[in-house]
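Down below is the structure, laid out as structure tokens.
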2 protein chains.
Amino acid sequence: MDKIRSRSSARVTEPRQGAQAIRRALSVLRILAAGRENGVPLAEVVQVTGLTRPTVHRIVHVLIEEGIVERHDRTGRYAIGNQVPELALARPRPSPLLVAAGPSLRRASAEIGDTLFLTVRTGNDTLCVDRRIGAYPIQVLSIEVGARRPLGVSSAGVAILAALPAPDARKIVTANEKRFEGYRTDVATVLGEITAARRLGYGMREIGLVQGTKSISTWIKTPDGRPAAAMTVSAVRTRLGPRREQEVAEILLRETRAIEQAIRASA
Amino acid sequence: MDKIRSRSSARVTEPRQGAQAIRRALSVLRILAAGRENGVPLAEVVQVTGLTRPTVHRIVHVLIEEGIVERHDRTGRYAIGNQVPELALARPRPSPLLVAAGPSLRRASAEIGDTLFLTVRTGNDTLCVDRRIGAYPIQVLSIEVGARRPLGVSSAGVAILAALPAPDARKIVTANEKRFEGYRTDVATVLGEITAARRLGYGMREIGLVQGTKSISTWIKTPDGRPAAAMTVSAVRTRLGPRREQEVAEILLRETRAIEQAIRASA
DNA sequence: GCGTTGTTGTCCATATTATGGACAAAATAC
DNA sequence: GTATTTTGTCCATAATATGGACAACAACGC
């Protein structure tokens with residue numbers, strides 16, 4: 001581990017010590033969260049976190065005893081346990097972002113007709129928090145609410161990274177290096193996509209995570225200038241030619257501004 | 001800490017070591033969860049967990065850095081952070097219990113007309129996971145979905161304790177001793193209520209948590225005989241005289257059996 | 001059946017990490 | 001203004017978490 005002193009951007013009080021084990025447990029949890037209901041095999045957690053197997057094993061089993069993690073008997077995979085949603089109930093139900101974005105998502109979805117996603121950043125991951133299905137008969141539904149992927153592998157992730165200060169983005173991308181393999185991409189490619197997104201004003205992937213799909217993402221910023229989320233349209237590639245890409249991007253950018261306004265209003 | 005070897009009931013593999021810090025962090029989290037949106041002052045966490053202040057302080061602040069806990073600027077209280085619901089999204093949305101209980105809650109609510117609660121046990125707490133408002137114009141709405149209290153202070157808690165093996169119940173009650181003060185009760189009173197509930201077949205509190213209310217709770221068991229939840233009716237005391245208590249209890253017991261059947265069917 | 005490979009699980013000596021007593025600084029009450 | 005309560009920090013020390021090495025088990029091939 002490296003001792004980082006100060007960041008050029010906002011917060012300066014980052015590195016607090018005396019809780020290595022807790023931090024490790026949390027990074028394990030985040031990997032498990034990426035596995036959703038199916039969970040993740042121990043070996044993969046070891047691989048991705050870079051911790052040793054005994055350590056991961058110990059952490060995971062303590063968390064099982066505590067009800068935070070479950071182990072699927074049949075597959076032996078580890079997954080987020082039911083105590084996590086129970087803890088989550090402590091918070092008021094709909095997040096301010098979802099409230100602020102609701103009307104815009106409805107409008108954009110009606111207007112565009114393809115599947116719309118709202119994705120937030122959580123640590124080094126993107127997390128899909130809302131999805132609206134459009135009227136067009138062919139819809140890209142592969143990504144579900146709750147889906148979690150390393151920042152950088154989806155157009156939403158690229159958009160969010162593009163909206164971050166370059167050094168921060170770079171740091172996240174390199175931190176995710178190990179996890180990129182599973183998505184057939186790498187640090188250089190992602191950095192290239194980020195640069196392209198900055199130039200374009202929105203994130204775009206000709207080759208979506210699903211074969212034959214294309215995605216366009218805009219970034220949504222909080223009043224302090226930090227990216228809060230991304231709004232994404234995914235569709236079969238043939239439906240998003242250059243002309244329509246332009247059209248869709250304009251709608252997304254318009255609604256993005258509306259959401260940013262709504263956030264400001266609610267704060 | 002004591003070294004428990006074996007339990008008379010089910011699980012025998014309980015005490016795994018090498019993760020004190022993680023367990024402590026989790027017990028802190030559970031206390032914070034009880035504080036809901038408002039959170040809990042540090043001193044209270046210290047008092048209830050029995051940990052030292054430096055330790056709690058360290059844990060809480062690491063969790064803040066990780067996004068698991070938030071500190072409300074104005075009050076200085078600590079609360080569950082937004083990363084917890086994000087992790088929770090990894091699990092499929094409606095819990096099997098909620099699905100199984102849904103129709104029964106609807107029926108019972110329509111029939112009784114007073115507020116109905118579904119409460120689960122989570123560790124040493126009860127957690128309200130569903131609430132149905134009845135048709136009668138005066139409703140007891142003080143307990144909200146997500147509300148968390150020490151097992152023993154509500155009629156639902158008493159019901160769940162009554163359904164547990166006596167030694168387990170006793171252990172939980174003594175573990176909660178410190179927290180009872182805040183609810184104007186104590187170990188002896190709670191143990192008495194549990195015994196009474198076992199005799200009656202359902203839990204009952206003449207003096208509810210809210211002045212002038214009365215509650216009746218039945219316990220719901222999983223196929224293996226462990227209590228999974230409690231179903232509760234709360235109403236102003238005058239509306240629950242001896243005759244109607246009897247009536248309501250019978251409806252609850254009937255629907256309880258229906259839920260138990262539904263759980264068996266879904267397993 | 002019996003090696004082979006790829007998992008997961010366990011042990012324990014050791015160094016690293018988390019601990020908590022004591023002290024300090026805010027915030028709040030008086 | 002001082003007293004009191006609450007939160008925050010330090011650091012020497014002991015207890016805790018660590019990970020190398022080994023073991024058990026499962027899945028596959030033949």
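Reminder, nothing fancy here: chain letters follow the sequence lines and each chain counts from 1.
Within the structure, ring pair (Phe, Tyr, Trp, His ring centres under 6.0 Å) contacts touching residues 25-52 of chain B (residues at least two apart or in different chains) do not occur. Residue pairs meeting the ring pair (Phe, Tyr, Trp, His ring centres under 6.0 Å) criterion with at least one partner in residues 16-56 of chain A, sequence neighbours excluded, are absent.
Applying the side-chain hydrogen bond (donor to acceptor under 3.5 Å, both in side chains) test to R179(A) and every residue at least two apart in sequence or in another chain returns D125(A), N176(A). For T75(B), there are no side-chain hydrogen bond (donor to acceptor under 3.5 Å, both in side chains) partners, not counting sequence neighbours. Under the rule for a ring pair (Phe, Tyr, Trp, His ring centres under 6.0 Å), the partners of H61(A) that lie at least two apart in sequence or sit in another chain are H57(A), Y78(A). Scored by the salt bridge (Lys or Arg N to Asp or Glu O under 4.0 Å) test, R91(B) finds E70(A) as partners (sequence neighbours excluded). Evaluation of the side-chain hydrogen bond (donor to acceptor under 3.5 Å, both in side chains) rule for T174(A) yields no partner, not counting sequence neighbours.
At its two ends the helix from dG1(C)-dC30(D) to dC30(C)-dG1(D) runs along axes set 50° apart, each axis drawn from five pairs and the angle rounded to 10°.
Contacts between residues 74-83 of chain B and DNA chain C, defined by a heavy-atom separation under 4.0 Å, are absent. Within residues 39-61 of chain B, the residues that have a heavy atom under 4.0 Å from DNA chain C are, in order of number, T52(B), P54(B), T55(B), R58(B).
Nucleotides of DNA chain C with any atom under 4.0 Å from a heavy atom of chain B span, from 5' to 3', dT10(C) to dA22(C).
If you take CD1 of I22(A) and C1' of dT16(D), they are 13 Å apart, rounded to a whole angstrom.
Taking all atoms of both residues into account, the shortest heavy-atom contact from R36(B) to A147(B) is NH1-N, 3.7 Å. Between I143(A) and F117(A), the shortest heavy-atom contact is O-CE2, 3.3 Å.
Contact annotation: Q20(A) reaches the phosphate of dT18(D) (side-chain N/O to OP1 or OP2, under 4.0 Å).
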Please list, one pair per line, the donor and acceptor atoms closer than 3.5 Å that link side chains of residues 81-88 of chain A to other protein atoms, with sequence neighbours excluded.
from, atom 1, to, atom 2, distance (Å)
Q83(A), OE1, R30(B), NH1, 2.3
Q83(A), NE2, E66(A), O, 3.2
E86(A), OE1, T122(B), OG1, 2.7

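The pair R23(B)-E65(A) meets the salt-bridge criterion, with a side-chain N (NZ, NE, NH1 or NH2) lying under 4.0 Å from an Asp/Glu carboxylate O.
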